[in-house]
Amino acid sequence: MSRINENFLKLPGSYLFSTVGRKVREYQEANPDKRIIRLGIGDVTLPLPPAVIGALHAAVDEMSVQDTFRGYAPDLGYEFLRSAIAEHDFKSRGVDISIEEVFVSDGAKSDSANIQEIFSADAKIAVCDPVYPVYVDSNVMAGRTGIYDIAAGRWSNVIYMPCTAENGFIPDLPQQVPDLIYLCFPNNPTGAALKKEQLQNWVDYANRNKAVIVFDAAYEAYISQADVPHSIYECEGAKTCAVELRSFSKNAGFTGTRLAYTIVPKELVVDGVALCGLWARRHGTKFNGAPYIIQKAGEAVYSEEGKKQVAEMVGYYMNNAKVILDGLKAAGYTVSGGVDSPYVWLKTPKGMGSWEFFDYLLEQANVVGTPGAGFGPSGEGYFRLTGFGSYDNTAEAIERIRRLV
Ligand code: MLT
């Protein structure tokens, strides 16, 4: 008799962005005349940059010719992309990463969900609270998180690291020592960024305690301050304690095209085993490589014109984030983020709950954001807006919100 993985039954409700999507659909169906502005999920809206489109076209043409047609991609990624990544994302910042340490994939969401597989079933995880839900849910599915306390919104076997206004949305080092520490900086959802010395503290803590940091740097392109590191490997000793996740989604607009990579340094050894080899083994078994045409598109991101066009896109979204930040401040909201991040984190007005404010904004302003409570208990009373909309929609959304007060 077959049995299901009962850990899946422990998952509360549906995935955050599915719930948000359903609520918005229902509202739109009931109110077809309303023009809803979506600043909820962090999905990009600008088209892919011309350099990327050019590379895609050329790669598609190659696939139509016998001599240049490609079948399965190398499962760890084409060398042309892995070396462009090592050169442009790391060497340019003084970090030496070899191409064997670069693992190309179809998304940082899947990498962040899959990485836990190479750790022991009883590994204790620590997450920021609020947190990108994938880190927790993927560990729930693996049976690591214990029992869910609905009232507290917490799992019994997870170490939560509250990120609150009091600590500037930067987590304190946990008292109880975890095996696996998930850090996302610049942070989703709060938009907070870690300065180099703060990240160095985490690296030292992990090395001291033989913990591994899963460092999600999906938003590094949005860093504007000089003392904020783009990669954890800018910190001394990070190669012996950290893997790093990167994405082409948020910088170059690949949310629908799917491309990302993970760095697993050769020096990272757990239980006497190099994680680089384990991850390669897992990747080789479960993944047949990102498509050639998409990896060629990724390579174009690092061309001179690609870099310029990507910087313009990031600048466009950051201007939106500034419009949100400044507009809400002027309207009397308490806001943060939006400086090294496309996300703006705001305190809900008049003590409203996060979901209450979500409904209020949807119904009164026809603007969609993401309720902070959906990211964890410390997100209650907060709300996230993204800079990834169009400029016109963003400006109009803020005007509509300002008119409410
Ligand atoms: C978000 O809105 O938090 C992100 O778009 C989710 C993701 O990148 O998967």
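Everything numeric here is computed off the predicted structure, so don't read it as measured data. Order of appearance sets the numbers: ligands from 1, and atoms from 1 within every ligand.
Set against the non-hydrogen atoms of Ile41, the atoms of ligand 1 under 4.0 Å away are 2 (O), 5 (O). Within ligand 1, counting atoms from 1 as listed, the ones closer than 4.0 Å to a heavy atom of Lys250 are 4 (C), 5 (O), 7 (C), 8 (O). Residue contact check: Phe17 has heavy atoms under 4.0 Å from atoms 1 (C), 2 (O), 3 (O) of ligand 1.
What sits closest to atom 7 (C) of ligand 1 on the protein, heavy atoms only, is Tyr132 OH, 3.2 Å.
Nearest heavy atom pair, residue Val104 against residue Leu259, reads CG1-CD1, 3.8 Å. The minimum heavy-atom distance linking Gly389 with Tyr316 is given by the pair O-CE2, 3.8 Å.
With Gln28 contributing its side chain and Asn31 its backbone, the two residues share a donor-acceptor pair below 3.5 Å. Counting only distance, with no hydrogens or angles, the side chain of Asp149 and the backbone of Ala151 share a donor-acceptor pair below 3.5 Å. Judged by distance alone, with hydrogens and angles left aside, the side-chain atoms of Asn207 form no donor-acceptor pair with the main-chain N or O of Ala238 at under 3.5 Å.
Of all the heavy atoms of Asn188, the ones lying under 4.0 Å from any atom of ligand 1 belong exclusively to the side chain. When heavy-atom distances to ligand 1 are checked against a 4.0 Å cut-off, Phe375 has no atom that comes that close, whether in backbone or side chain.
There is a side-chain donor-acceptor pair under 3.5 Å between Tyr135 and Asp216.
The shortest N or O to N or O distance between Gly40 and ligand 1 is not below 3.5 Å.
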